[in-house]
Amino acid sequence: MHGTVIRNTGNSYVVRLDDGRELECKVKGNFRLRGIRSTSPVAVGDRVTVAASAVRGAADAAAHGDAVHYITEIGERRNYIVRKASNLSKQSHILAANVDLAVLVVTVARPETSTTFVDRFLASAEAYRVPVVLAFNKADEFSADERDTTGYLMALYREVGYDCHLVSARTGYGLDALGQAMAGRVCLLAGHSGVGKSTLLNRLVPGAGARTAEISQVHGTGMHTTTFSELYDLPGEAGGAVIDIPGIKGFGTFDMEPAEVAHYFRDIFALSADCRFNNCTHTREPGCAVLGALEEHRLAPSRYASYLSMLDDKEEGKYRSAF
Ligand code: ZN
């Protein structure tokens with residue numbers, strides 16, 4: 001039986017079979033993904049093969065009142081997006097697989113999404129060849145300063161080459177345009193906790209909240225907090241889906257050589273064509289076009305700072321939980 005993983009609770013997975021049935025599945029203990037050390041080998045969005053266990057499933061089957069199903073194989077991934085699992089961890093956490101688009105929800109305040117976090121997310125998505133759009137949320141509650149900051153950031157990221165949307169998940173402002181960008185595609189919905197991801201999800205997929213509330217833990221704040229990843233079909237004729245993942249605090253990058261880092265910053269990469277040395281690290285070399293652009297205010301200092309922070313990771317093997 002073949003299907004798509006639509007929910008990952010950490011202990012088990014829900015697979016939607018190609019005939020539409022949904023099955024709760026487990027992963028066998030000895031199951032390992034080739035070449036990937038991950039806290040969880042299977043990700044939402046994965047195409048998988050499922051088999052019912054005939055041998056050791058009997059006791060479990062009695063407990064569950066049903067046959068026990070196992071994921072026995074993961075199909076080749078078109079792409080996936082990964083972050084480091086935890087502090088100093090060598091393990092990766094696959095956020096989602098086979099995605100057409102990542103929507104990064106950003107707020108300039110309550111909570112603040114730092115440009116470092118945005119840039120790390122963008123660089124990782126570039127590395128895994130996942131296109132990103134930025135959704136600047138909470139437009140309905142901006143102060144004058146916050147409106148200015150958001151305007152500046154949207155202009156900055158558009159200049160770098162990213163589609164930016166100003167939205168209010170609460171009022172629905174800007175969601176038609178964002179919905180059009182997402183229609184027909186499998187979209188990862190990412191961002192810090194508290195940026196309004198759940199409200200946005202409920203706007204995009206009416207009824208998603210009821211499902212979330214059923215299985216979510218109720219947090220100390222009284223808010224429903226997603227603690228698992230789940231795929232929801234987008235309504236509308238164009239189809240597509242949203243993969244909602246738990247809020248991300250930090251974004252340690254993975255599998256990136258120091259010399260590669262600049263490749264994933266579109267603006268820095270474009271400038272680097274004019275550096276005197278082709279192995280330029282853009283940190284101190286004479287004739288560096290990146291440093292030149294920084295000095296002449298043609299490169300945003302925040303982008304360069306993010307680039308340096310990622311280079312620093314590579315050199316010292318650090319994980320920066322603050323970002
Ligand atoms: Zn350079």
Side-chain angles (χ1 to χ4, degrees), residues 35 78-84 88 90 92 95 99-104 106 108 112-136 148-165 188 190 248 250-323:
R78 196 152 40 90
N79 63 22
Y80 55 90
I81 189 159
V82 164
R83 70 182 190 104
K84 270 189 211 176
L88 298 175
K90 290 263 188 278
S92 58
L95 299 177
V99 300
D100 301 310
L101 183 73
V103 177
L104 181 63
V106 175
V108 296
E112 182 190 355
T113 308
S114 70
T115 50
T116 316
F117 177 80
V118 173
D119 293 334
R120 281 170 171 263
F121 187 91
L122 291 174
S124 299
E126 290 285 342
Y128 296 110
R129 291 179 286 280
V130 176
V132 182
V133 301
L134 299 176
F136 289 85
D148 287 351
T149 305
T150 304
Y152 167 79
L153 290 175
M154 288 178 69
L156 163 61
Y157 286 107
R158 279 178 177 149
E159 180 75 22
V160 176
Y162 293 99
D163 196 8
C164 294
H165 292 263
L188 173 72
I248 305 172
F251 209 91
T253 50
F254 218 77
D255 286 345
M256 225 180 264
E257 293 300 318
E260 265 186 294
V261 175
H263 293 224
Y264 304 128
F265 284 74
R266 293 182 183 182
D267 40 2
I268 292 174
F269 184 64
L271 289 164
S272 70
D274 294 324
C275 290
R276 186 181 303 162
F277 303 108
N278 61 16
N279 61 350
C280 189
T281 63
H282 324 301
T283 51
R284 60 184 91 79
E285 295 85 348
C288 173
V290 174
L291 290 172
L294 186 67
E295 207 154 283
E296 294 163 16
H297 309 290
R298 287 182 288 112
L299 172 66
S302 62
R303 292 282 292 167
Y304 186 67
S306 298
Y307 167 71
L308 288 185
S309 91
M310 285 183 65
L311 266 193
D312 200 33
D313 276 3
K314 298 301 124 191
E315 283 168 6
E316 300 178 32
K318 281 185 202 157
Y319 175 83
R320 310 195 150 223
S321 59
F323 303 132

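Sequence positions, counted from 1, serve as the residue numbers for this chain. Below, all heavy atoms of this structure are taken into account, side chains as well, without hydrogens, waters or symmetry copies.
A search for side chain to side chain donor-acceptor pair (under 3.5 Å) contacts involving Arg78 returns Asp100, not counting sequence neighbours. Partners of Asn79 according to the side-chain contact (heavy atoms from CB on, under 4.5 Å) rule, which considers only residues two or more places apart in sequence or in another chain, are Val99, Val130. Glu285 pairs by the side-chain contact (heavy atoms from CB on, under 4.5 Å) definition with Phe277, Cys280, Thr281, Thr283, not counting sequence neighbours. By the ring pair (Phe, Tyr, Trp, His ring centres under 6.0 Å) test, Phe269 pairs with His263, sequence neighbours left out. For Phe121, the ring pair (Phe, Tyr, Trp, His ring centres under 6.0 Å) partners are Phe251, not counting sequence neighbours. Partners of Glu126 under the salt bridge (Lys or Arg N to Asp or Glu O under 4.0 Å) rule, at least two apart in sequence or in another chain, are Arg266. For the ring pair (Phe, Tyr, Trp, His ring centres under 6.0 Å) test, no residue two or more places apart in sequence or in another chain qualifies with Tyr157.
Contact check for Ile268 versus Val261: no side-chain heavy atoms found under the 4.5 Å cut-off. Between Val160 and Leu122 the shortest side-chain heavy-atom distance does not fall below 4.5 Å. Between Arg303 and Leu156, some side-chain heavy-atom pair lies under the 4.5 Å cut-off. Counting heavy atoms from C-beta outward, Val106 and Phe117 have side chains that stay 4.5 Å or more apart. Side-chain contact between Met310 and Phe265 is present, with heavy atoms from C-beta onward closer than 4.5 Å.
When every heavy atom of Ser306 is checked against every heavy atom of Thr115, the shortest pair comes out as OG-O, 3.8 Å. Taking both residues in full, the closest heavy atoms of Ala289 and Leu271 are given as CB-O, 3.4 Å, listed atom of the first, atom of the second, then distance. Here the closest non-hydrogen pair linking Leu311 and Pro258 is CD2-O, 3.6 Å.
Contacts classified as salt bridge (Lys or Arg N to Asp or Glu O under 4.0 Å) and involving residues 273-283 (residues at least two apart or in different chains) are not found. Screening residues 154-163 for salt bridge (Lys or Arg N to Asp or Glu O under 4.0 Å) gives no qualifying pairs among residues at least two apart or on separate chains.
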Under the side chain to side chain contact (heavy atoms under 4.5 Å, CB included) criterion, do Cys275 and Val290 qualify, and how do the steps go?
-> CA-CA 7 Å; Cys275 290; Val290 174; 4.3 Å; yes
Passes side chain to side chain contact (heavy atoms under 4.5 Å, CB included), Ile248 versus Leu95? Steps please.
-> CA-CA 10 Å; Ile248 305 172; Leu95 299 177; 4.0 Å; yes
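Ring orientation note: the planes of Tyr128 and Tyr80 are tilted relative to one another, at an angle of 30° to 60°.
Put simply, the residue from Thr149, Asp148, Thr113 that forms a side-chain contact (heavy atoms from CB on, under 4.5 Å) with Val108 is Thr149.
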Name every donor-acceptor pair, under 3.5 Å, that has one atom in a side chain of residues 291-301 and the other anywhere in the protein, sequence neighbours excluded.
unit_1 : atom_1 : unit_2 : atom_2 : d
Glu296 : OE1    : Arg298 : NE     : 3.0
Glu296 : OE1    : Arg298 : NH2    : 2.7

